> 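Have a look at this one.
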Amino acid sequence: MKRKSFINLAMVVLAIGMMMAGCKTAGVNKKQLAGTMEEPMPSDTMPGNVQQALAKSIKYHCHDLLNDSLNNINVSSIDEADQASTEGYGINVTKGATTTTFTNIRNTREPQATYNAKTGDLWLTSTAMEGTGVRVDWLHQIRFGDNELAYVKTEVNPYGVQQELLQRLGYTIEGETISLYDGDKLLTTVTNTVKDMGGFDNEQPLWIGEQMHYDVSSGEPKVIFTPGVKYTTGLVLTYDDMPDLSVPITIDENGLLTLHEITVVAKQ
């Protein structure tokens, strides 16, 4: 009887130890990532000289971004007004015989456009920031009203997406190993191979906000983002070993954004 009691007690101690270890893993030393965007991005505005060129032009020179013949919808990028460059601004959205021109939406970096016939949403991306190591998008939710005129129902500011992600993302660093978490869920673990940058920055080594674009090809948009690493030398973030992460988003009728499960994008 005594031996049985001892075994039972040992099992209880072992179970408690395992529970404590599980709790430790769930909350162990995770730190929050930082965001490169300090405030909401201002909406784009077409330069005045381009506005004048569009107003005076006889013909727009465009190329298609979407030609959905089944739903009779076309989206095109305006490249020139007569012979004048639009300087990377201007999108035409056509449904049936009605064309709506959005002069303040940029058309650089080949925007994506997809129409979801089930929801009536036309999803359109456009560039918010671009440059070496930088790719940040706007997301526009476009719908059609009276006489098939298009209008922007919701415009998703990249800063708002960044802030939502920062509330969920955490990381740990042990030696050269970086682990990324969504809350207490481990997303992935990577090994740093950059050896000539002086090691990880002591104050804030992981950031998001410079690599944040969309995949709208399915008609249900996903944010694709990549955390960057800051080292003790160099003024730019490095992405060499970091994974691309994907998160589907939905927008309700009041424009409220919801980010769903974060997953790792498989390398091509």
Side-chain angles (χ1 to χ4, degrees), residues 37 39-47 50-51 54 60 62-68 70-79 81 86-96 98-130 134-165 209-225 246-260:
M37 289 178 276
E39 59 185 5
M41 294 286 296
S43 296
D44 288 313
T45 303
M46 178 180 277
V50 180
Q51 290 271 20
L54 283 175
Y60 294 168
C62 306
H63 70 272
D64 287 348
L65 302 174
L66 171 68
N67 192 3
D68 185 343
L70 182 63
N71 294 293
N72 207 14
I73 292 174
N74 177 271
V75 181
S76 60
S77 171
I78 306 173
D79 302 319
T86 61
E87 299 182 15
Y89 285 86
I91 296 287
N92 277 340
V93 176
T94 302
K95 185 173 184 183
T98 303
T99 296
T100 309
T101 300
F102 296 96
T103 58
N104 293 329
I105 297 181
R106 295 175 66 187
N107 58 41
T108 56
R109 275 191 182 265
E110 284 299 296
Q112 293 184 54
T114 304
Y115 182 66
N116 187 326
K118 292 181 180 179
T119 63
D121 292 316
L122 172 65
W123 297 106
L124 173 69
T125 70
S126 67
T127 298
M129 292 189 292
E130 59 184 328
V134 178
R135 181 186 178 186
V136 181
D137 282 356
W138 290 94
L139 178 66
H140 310 276
Q141 181 189 31
I142 295 175
R143 288 191 177 170
F144 298 93
D146 296 339
N147 301 318
E148 298 184 330
L149 283 170
Y151 66 95
V152 177
K153 186 177 189 305
T154 306
E155 193 171 63
V156 179
N157 195 301
Y159 175 79
V161 177
Q162 173 191 274
Q163 296 306 101
E164 289 287 329
L165 289 171
E210 282 190 353
Q211 290 281 341
M212 187 180 297
H213 63 280
Y214 292 91
D215 177 3
V216 299
S217 58
S218 68
E220 298 176 348
K222 297 177 181 178
V223 181
I224 311 296
F225 68 100
S246 173
V247 52
I249 71 168
T250 53
I251 303 172
D252 69 13
E253 287 302 309
N254 297 314
L256 181 65
L257 180 72
T258 300
L259 277 64
H260 300 279

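Worth knowing before you read on, the calculation uses all heavy atoms, side chains too, and leaves out hydrogens, waters and symmetry mates. Since the model is a prediction, treat every value here as computed from it, not as a measurement.
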> Quick one: OH on Y60 to OG1 on T99, what's the gap to the nearest 0.5 Å?
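Going from the OH atom of Y60 to the OG1 atom of T99 covers 10.0 Å.
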
> To the nearest 0.5 angstrom, please state how far the CE atom of M129 sits from the CH2 atom of W138.
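If we round to the nearest 0.5 Å, M129:CE and W138:CH2 are 10.0 Å apart.
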
> Please check if the number of heavy atoms outside D252 that lie under 6.0 Å from its CG is greater than 12.
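Check passes, neighbour count above 12.
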
> Out of the candidates E155, R106, H140, only one should pair with S126 under the side chain to side chain donor-acceptor pair (under 3.5 Å) rule; please name it.
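Among E155, R106, H140, the one that satisfies the side chain to side chain donor-acceptor pair (under 3.5 Å) with S126 is H140.
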
> Among E210, M37, M41, find the one that has a side chain to side chain contact (heavy atoms under 4.5 Å, CB included) with Q162.
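The side chain to side chain contact (heavy atoms under 4.5 Å, CB included) with Q162 is passed solely by M37 among E210, M37, M41.
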
> Does the side chain of N107 come within less than 4.5 Å of T86's, by heavy atoms?
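Sidechains of N107 and T86: in contact.
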
> Step through the shown structure and confirm whether more than 12 heavy atoms of other residues, nucleotides or ligands are within 6.0 Å of NZ on K95.
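Above 12, so yes.
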
> Looking at K153 and E253, would you say the former's side chain and the latter's main chain have a donor-acceptor pair under 3.5 Å?
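Looks like yes, one N/O pair under 3.5 Å.
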
> Taking the side chain as every heavy atom from C-beta outward, state whether Q112 and L65 have any atom pair closer than 4.5 Å.
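A side-chain contact under 4.5 Å is absent here.
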
> Roughly how far apart are F225 CZ and D137 CG, rounded to 0.5 Å?
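Between F225 CZ and D137 CG, I get 14.5 Å after rounding to 0.5 Å.
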
> Do you know the tightest heavy-atom contact between Y214 and V223?
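The answer is CE2-CG2, 3.3 Å.
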
> To the nearest 0.5 Å, tell me how far T100 OG1 sits from F144 CZ.
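Here the interatomic distance stands at 7.5 Å.
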
> Quick check on E220: does its CD atom have over 12 non-hydrogen neighbours (other residues, nucleotides or ligands) under 6.0 Å away?
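No, the 6.0 Å shell around CD holds no more than 12 heavy atoms from other groups.
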
> So how far is it from T101 OG1 to I78 CD1, rounded to the nearest 0.5 Å?
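The CD1 atom of I78 is 5.0 Å from OG1 of T101, to the nearest 0.5 Å.
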
